[in-house]
Structure formats: C-alpha cells, structure tokens
Student: 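Before anything else, here's the structure in question.
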There are 2 protein chains.
Amino acid sequence: MSDALLLDSQLCFALYAASRAVTSAYAPHLKELGLTYPQYLVLLVLWESEGVRVTQLGERLHLDSATLTPLLKRMEAQGVVERRRSQQDERVVELFLTPHGKRLKKKVEEIPTNVFKNSGLSLKQARELRTSLQALTQRLRTDD
Amino acid sequence: MSDALLLDSQLCFALYAASRAVTSAYAPHLKELGLTYPQYLVLLVLWESEGVRVTQLGERLHLDSATLTPLLKRMEAQGVVERRRSQQDERVVELFLTPHGKRLKKKVEEIPTNVFKNSGLSLKQARELRTSLQALTQRLRTDD
DNA sequence: CACATTTAAATCGTGCACGATATACTTGCG
DNA sequence: CGCAAGTATATCGTGCACGATTTAAATGTG
C-alpha cells in the first residue's frame with residue numbers, strides 16, 4: 001500500500017534537511033566572525049532597526065525570550081550588541097549594535113552571496129522558493 | 001543602496017522559519033504519541049527498512065551519532081525501538097521496531113495528511129517545492 | 001602473529017528551540 | 001491611593017544539532 005510515509009516523499013523532511021544544509025553552509029563563514037547562524041539573524045534585524053525590543057526581535061524571528069535572552073547575553077559578552085533597560089519602562093530591554101557589531105555588516109555581506117552561488121538557483125527560482133516558503137509559514141502559523 | 005541583507009529578502013531565513021513552522025505543526029500531534037519530530041523521522045526510516053545500522057540511519061537523515069545515540073536511547077527507554085549489537089561485528093548497532101513501534105505507524109499516518117491540509121498547498125505545489133528543496137540540499141552538501 | 005590503520009558508536013561541550021513558570025514592572029479600575 | 005490584571009523579560013527543564021574526541025572492535029600489512 002501507500003508510500004505516503006516514505007521519508008523521501010515527505011515535504012517536511014525535505015524542508016528540515018534543506019534548512020540544516022543552509023545553516024551548515026553559512027556556519028564556517030560565520031564562525032570566522034565569531035557568530036552562529038541565529039546570531040546572524042539577530043544582526044540582520046538590528047542592522048535594519050537598531051533599538052528594537054527583545055519582544056519585537058522575537059516577532060520578526062518567531063523566537064521567544066527563552067531562546068533570545070541567553071543568545072543576546074552571549075552576543076553582549078562578545079561585544080557585538082548592547083542590552084539596555086528602557087528608562088521609560090524598566091521591563092523593556094532595547095538592543096543596540098556596538099561599533100564592532102556595526103563593522104560586522106560589511107564582512108557578512110558576501111556570505112549570503114557566496115552561499116547563493118553554491119545553491120545553483122537562479123534569482124527567479126530563489127525568489128519563487130522564498131515566496132512559497134513564506135506563504136507556507138504564514139498558513140501554518142495562523143490556523144493551528 | 002542594497003537591501004541584500006534585509007531579513008525578509010533572505011531565502012535562508014524563509015527556509016529556517018518554514019522548517020520550524022512545520023515542526024511546530026507536527027509537534028502537538030506527535031506529543032500525543034510520546035514522540036518528538038526527529039524521533040518521527042527515525043520511525044519513517046525504520047518503517048521502511050527495519051534493521052538499519054546507526055550509521056545508515058544517519059546517512060538517511062543527515063545526522064551523526066552524537067545526535068542519534070542519545071535520541072535512540074530515549075526511544076528505547078520508551079519502548080519504541082530496540083538497539084541490538086550485531087553478532088558479526090560488535091561495533092555495529094542495529095535498530096528494530098518493538099511491537100509498540102510498529103503499531104505507531106497507523107496512528108501517525110494521518111498527521112502529515114492533516115498538516116498538509118493546513119498548508120494550503122496543492123499536491124503539485126508540494127511536489128515542486130519538495131523537489132526544489134531536495135535539489136538545493138544536494139547542491140549545498142556536495143560542494144561546500 | 002603483532003601492530004598501525006580504519007571504522008562504528010559513544011561521549012563531551014556548547015548553543016539553540018520551546019513549553020512552562022517566575023519575577024518584576026506598569027497600568028487600569030474602584 | 002491600593003491592588004488586580006496585564007506585560008516584558010528571565011529562568012528552568014528537556015531534547016535536539018554538531019564539532020571534536022574517545023573507546024572498542026575489525027582489518028590489513030609486514
């Protein structure tokens with residue numbers, strides 16, 4: 001009967017494997033800069049919008065404080081970001097880049113370019129794939 | 001100037017987010033059966049080819065013994081799988097399903113169907129997406 | 001047969017993920 | 001004002017991932 005449960009027929013596994021493959025492709029380049037992959041994602045957000053709160057960062061990355069708090073503390077210890085309690089609301093922690101964190105942007109820029117080159121995808125394919133994945137994520141997050 | 005580093009333009013983030021979204025979609029259903037998502041993947045392999053070695057399992061899932069050994073021990077403790085040292089080669093551990101592990105197959109079958117329904121994808125879209133992801137994984141794994 | 005080499009799992013250390021709970025601060029309402 | 005309810009972050013416990021090392025068994029070579 002059905003091969004519905006064959007590993008290789010599972011979209012979920014293809015996704016899981018691809019995600020880990022991409023992360024591993026980034027890892028060695030990021031390691032040279034002292035970063036992990038989730039830390040890189042945090043920097044992407046901060047380079048766009050410095051001063052965000054932990055909660056806002058979590059909304060962008062779909063991660064919660066249990067993941068972000070220790071991760072941000074490690075980044076602070078390495079001198080990449082700064083965590084500041086807001087004056088107006090002491091519950092809030094706002095996130096800023098250190099000068100080192102700002103400089104990293106230039107060094108990081110070529111990494112996604114390189115990984116993309118190795119991916120063998122055309123720009124069009126990559127855009128389509130990204131769009132499909134974003135739609136999928138959206139669907140699965142809204143109607144559980 | 002370049003928006004090359006905008007979070008939402010990154011395929012890598014779309015992939016990472018989608019993968020976690022899919023895993024979370026599976027999680028509550030699997031939890032009822034006492035399984036985690038990686039454990040479900042292990043079962044997919046064992047339902048196809050009982051008796052595989054740890055290394056072979058790792059090749060299928062792209063995971064190594066540091067991940068699999070403790071995971072398999074937990075599954076053994078829960079009575080889902082059995083780990084047996086090969087007689088011919090004492091270095092090898094072969095993996096078998098317990099009766100409980102076999103029975104789980106029926107209960108699990110509907111989970112991917114349900115998640116797929118919520119994904120809003122057509123069968124054709126899902127197949128195309130899976131194929132793209134498999135190709136991407138392949139490319140990134142071969143030429144690191 | 002000895003012994004270096006290779007191979008299969010297991011172990012170690014670090015860093016995510018995430019459900020659940022705790023703590024501390026703020027706000028709204030009587 | 002006083003206190004309940006709400007909010008922001010932090011903490012706790014468990015389970016992956018993965019680079020690196022270790023242990024033990026098998027194999028090949030002189």
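First the proteins, then the strands, lettered A, B, ... as listed; each starts at 1. As the structure is a computational prediction, the values presented were derived from the model and not from experiment.
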Student: Going 5' to 3' along DNA chain D, between which two nucleotides do contacts with chain B fall, using a heavy-atom cut-off of 4.0 Å?
Tutor: D:dG15 to D:dA26
Student: At how many degrees, to 10°, do the end axes of the helix from C:dC1-D:dG30 to C:dG30-D:dC1 meet when each uses five pairs?
Tutor: 0°
Student: Please assess B:F96 against B:V81 for the test side chain to side chain contact (heavy atoms under 4.5 Å, CB included), listing each intermediate value before the final yes or no.
Tutor: CA-CA 6 Å; B:F96 298 89; B:V81 302; over 6 Å; no
Student: How do B:P38 and B:Q87 order along DNA chain D: which one's closest nucleotide is nearer the 5' end?
Tutor: B:P38
Student: If you look only at distance, which donor and acceptor atoms sit under 3.5 Å apart when one is on a side chain in residues 16-24 of chain B and the other is two or more places apart or in another chain?
Tutor:
unit_1 : atom_1 : unit_2 : atom_2 : d
B:R20  : NH1    : A:H62  : O      : 3.0
B:R20  : NH2    : A:L61  : O      : 2.8
B:R20  : NH2    : A:H62  : O      : 3.3
B:T23  : OG1    : B:S19  : O      : 2.9
B:S24  : OG     : B:R20  : O      : 2.6

Student: Checking the side chain of A:S49 only, and the main-chain atoms of A:V52 only, is there a donor and an acceptor separated by less than 3.5 Å?
Tutor: no
Student: Short of 4.0 Å, heavy atom to strand atom, which residues of residues 7-23 of chain B count as contacting DNA chain C?
Tutor: B:Y16, B:R20
Student: Does the side chain of B:L63 reach to within under 4.5 Å of the side chain of B:L57, using non-hydrogen atoms?
Tutor: no
Student: May I ask you to test the A:T98-A:K102 pair for a side-chain heavy-atom distance under 4.5 Å?
Tutor: no
Student: Can you check whether B:E90's main-chain N or O pairs, donor with acceptor, with B:R85's side chain at less than 3.5 Å?
Tutor: yes
Student: Give a yes or no on whether the backbone of B:A135 and the side-chain of B:Q138 come within a donor-acceptor separation of less than 3.5 Å.
Tutor: no
Student: B:Q88 near the nucleic acid: base, sugar-phosphate alone, or nothing, with a heavy-atom cut-off under 4.0 Å?
Tutor: sugar-phosphate
Student: Show your reasoning for whether salt bridge (charged side-chain N to carboxylate O under 4.0 Å, His left out) applies to B:E82 and B:R84.
Tutor: CA-CA 6 Å; B:E82 201 184 331; B:R84 286 212 288 272; 3.2 Å; yes
Student: OP1, OP2 of C:dA22 versus side-chain N and O of A:R91: anything below 4.0 Å?
Tutor: no
Student: Once salt bridge (charged side-chain N to carboxylate O under 4.0 Å, His left out) is applied, do any residues pair with A:K124, and if so which ones, sequence neighbours excluded?
Tutor: A:E128
Student: Is a side-chain N or O of B:Q56 found less than 3.5 angstrom from the main chain of B:R53, in a donor-acceptor match?
Tutor: yes
Student: List in numerical order all residues of residues 42-75 of chain B for which some heavy atom is under 4.0 Å away from an atom belonging to DNA chain C.
Tutor: B:R53, B:V54, B:T55, B:S65, B:A66, B:T69, B:K73
Student: Check whether any side-chain N or O of A:W47 sits under 3.5 Å from a backbone N or O of A:G101 as a donor-acceptor pair, and report yes or no.
Tutor: yes
